[in-house]
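Chain letters run A, B, ... following the sequence lines, proteins first, then strands; residues in each count from 1.
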Protein chains: 2
Amino acid sequence: MARQAGSQGAETAARARRAALSLFARHGYAAVSMREIAAETGVGAAALYNHFATKQDLLTELMVKHLEALLAAWDAEPEAAPETEPRAALAAFARFHLRFHAARRDAVFVSTMELRSLDQPNFHRVERLRRAWEDRMEAIIRRGAEAGLFHAPEPRIATMALIGMLTGVTNWYRPAGRLPASAIEALHVEMTLSALGAAMTGDDACSPHP
Amino acid sequence: MARQAGSQGAETAARARRAALSLFARHGYAAVSMREIAAETGVGAAALYNHFATKQDLLTELMVKHLEALLAAWDAEPEAAPETEPRAALAAFARFHLRFHAARRDAVFVSTMELRSLDQPNFHRVERLRRAWEDRMEAIIRRGAEAGLFHAPEPRIATMALIGMLTGVTNWYRPAGRLPASAIEALHVEMTLSALGAAMTGDDACSPHP
DNA sequence: ATTGACAATGAACGATCGTTCGTTTCTATA
DNA sequence: TATAGAAACGAACGATCGTTCATTGTCAAT
């Protein structure tokens, strides 16, 4: 009784990706077996190998797909244009980061926590994409700093610190929590700007560092 | 040929803890076998069970010991006193957090990434300690906000965001990097205060939000 | 000198791991 | 209607997993 009527191979692969993402996020790559993924997919373990060469390839594919989608989605945002005013660009970046990550918590979790589970070639592939994301933010901060709008003597450090802050939300945010996601988002956008001395709330009489 | 001359059991246990911490940090709890830990300890796998009941107990002990040491060390700092001026207290907290974590990167990595590898009772034990650490910072922010020194409409959110930022440093900081640890520390302390509109650098004419 | 706890050993347990294999069933195309 | 290939199956592979066991050597106390 192989191949149920109407079931397409692509659908099975998609279900397997979803199952793997969820399980990897909850228990970690090494702690999840191909049999568990297969069970959640509704298929035998051997069937997974019709769609993924190895468990390692499955993990890599999940990470690469997530990061490529992240980059493509941001690049399609109007505020990603290099002529956007730096404060508006940074606010938009922070907001986008928070929303995109909130909508794909499992993928974020896996992509940031399972880097160590990748073998060397796959690690470098994923690391290049991560670095590209960091560079997007660093470029904005650098522009703002050069324009005298941000106090960021070390744009690279500021980038890593702020991405850490924004990504960390995924570790504790719960949809059923006390505050709605919109409030958490607003607070973080504000803190992001404030950290660089560029808060847009309050009066502008308080200029950034001279 | 058991028990070499001069070797004490406590030393083996300590070596095993160090080995486990290093291996767990590099590859993750589930990906490391008791045999690997034993090999790095210089002992057979079975000998580990003279010191730790199970692999799970070993992980739990590492986390609990780390978090208890963290709390005790901070509480011994003079700036931890509740009467410390909030801005000075927050700066001291950030600096302490960075230094303590920089000195024990493996323990931090394991304690933050392997929560999901704990079974329920152990998870609650560790989570209570983590929460205690967050509460230390939240208390400072709350005091500063009530005194009108910090702009923090939601002290709990600010706490989680800033702890995320500070802890995230462990993910990318490398001792051989471009900047010395002291510079990274100073930049982060400054961003921490700035994020709450309480930068101590520059003039104080720029007051926090009214 | 004898004893008992401690700390180590190598061997072994059943379970589970990622992966492969041969086979079967279904779908799409010719 | 015949056929090739995709996609599933159950079974099995060797390896490795956490853990247990009986045993042995060593030290401190009697």
Nearest-neighbour nucleotide for the Met34(A) side chain, dC17(D), dC17(C), dG18(C) considered: dG18(C)
Do Phe93(B) and Trp133(B) have their ring centres less than 6.0 Å from each other? yes
Just compare dT19(C), dT19(D), dC17(D) and give me whichever is closest to any side-chain atom of Thr54(B). dT19(D)
Provide, to the nearest angstrom, the distance between the CG atom belonging to Asp57(A) and the C1' atom belonging to dG18(C). 13 Å
Winner on side-chain proximity to Val43(A), out of dT20(D), dA8(C), dA8(D), is dA8(D)
Could you say whether Arg15(B) or Ala31(A) is positioned toward the 5' end of DNA chain C, judged by the nucleotide with the nearest heavy atom to each? Arg15(B)
Ignoring hydrogens and angles, does a donor from either the side chain of Asn50(A) or the base of dA8(D) sit under 3.5 Å from an acceptor on the other? yes
In whole angstrom, give the distance that lies between atom CD of Gln56(B) and atom P of dC17(D). 18 Å
Is there a side-chain contact between Thr12(A) and the phosphate of dA7(D), meaning an N or O under 4.0 Å from OP1 or OP2? no
So which one's nearest nucleotide on DNA chain D is more toward 5', Ala47(A) or Ala30(B)? Ala47(A)
In this structure, how many angstroms lie between the C1' atom of dT19(C) and the OH atom of Tyr49(A), rounded? 5 Å
Nearest-Å distance for atom pair CZ/P, residues Phe52(A) and dA8(D): 11 Å
Arg35(A) side chain: which of dT19(D), dG18(C), dA8(D) is closest? dG18(C)
To the nearest Å, give me how far apart OH (Tyr29(B)) and C1' (dC17(D)) are. 12 Å
Nearest to side-chain heavy atoms of Ala46(A), which nucleotide of dT19(D), dA11(C), dA11(D): dA11(D)
Looking only at side chains, do Glu190(A) and His151(B) share a donor and an acceptor under 3.5 Å apart? yes
Distance test, side-chain N/O of His51(B) to OP1/OP2 of dA8(C), below 4.0 Å: yes
Just how far, in rounded Å, is C1' of dG18(C) from CG of Leu48(A)? 11 Å
Would you tell me if any nitrogen or oxygen in the side chain of Ser33(B) comes within less than 4.0 Å of OP1 or OP2 on dT16(D)? no
So which heavy atom on Ser117(B) is nearest to which on Tyr29(B), and how close? CB-CD2, 3.5 Å
Under a 4.0 Å N-O cut-off, is there an ion pair linking Arg156(B) with Glu134(B)? yes
Given atom CG of Leu59(A) and atom C1' of dG18(C), what is their separation to the nearest angstrom? 14 Å
Answer yes or no: is there an ion pair linking Glu154(B) with Arg178(A), defined by an N-O contact shorter than 4.0 Å? yes
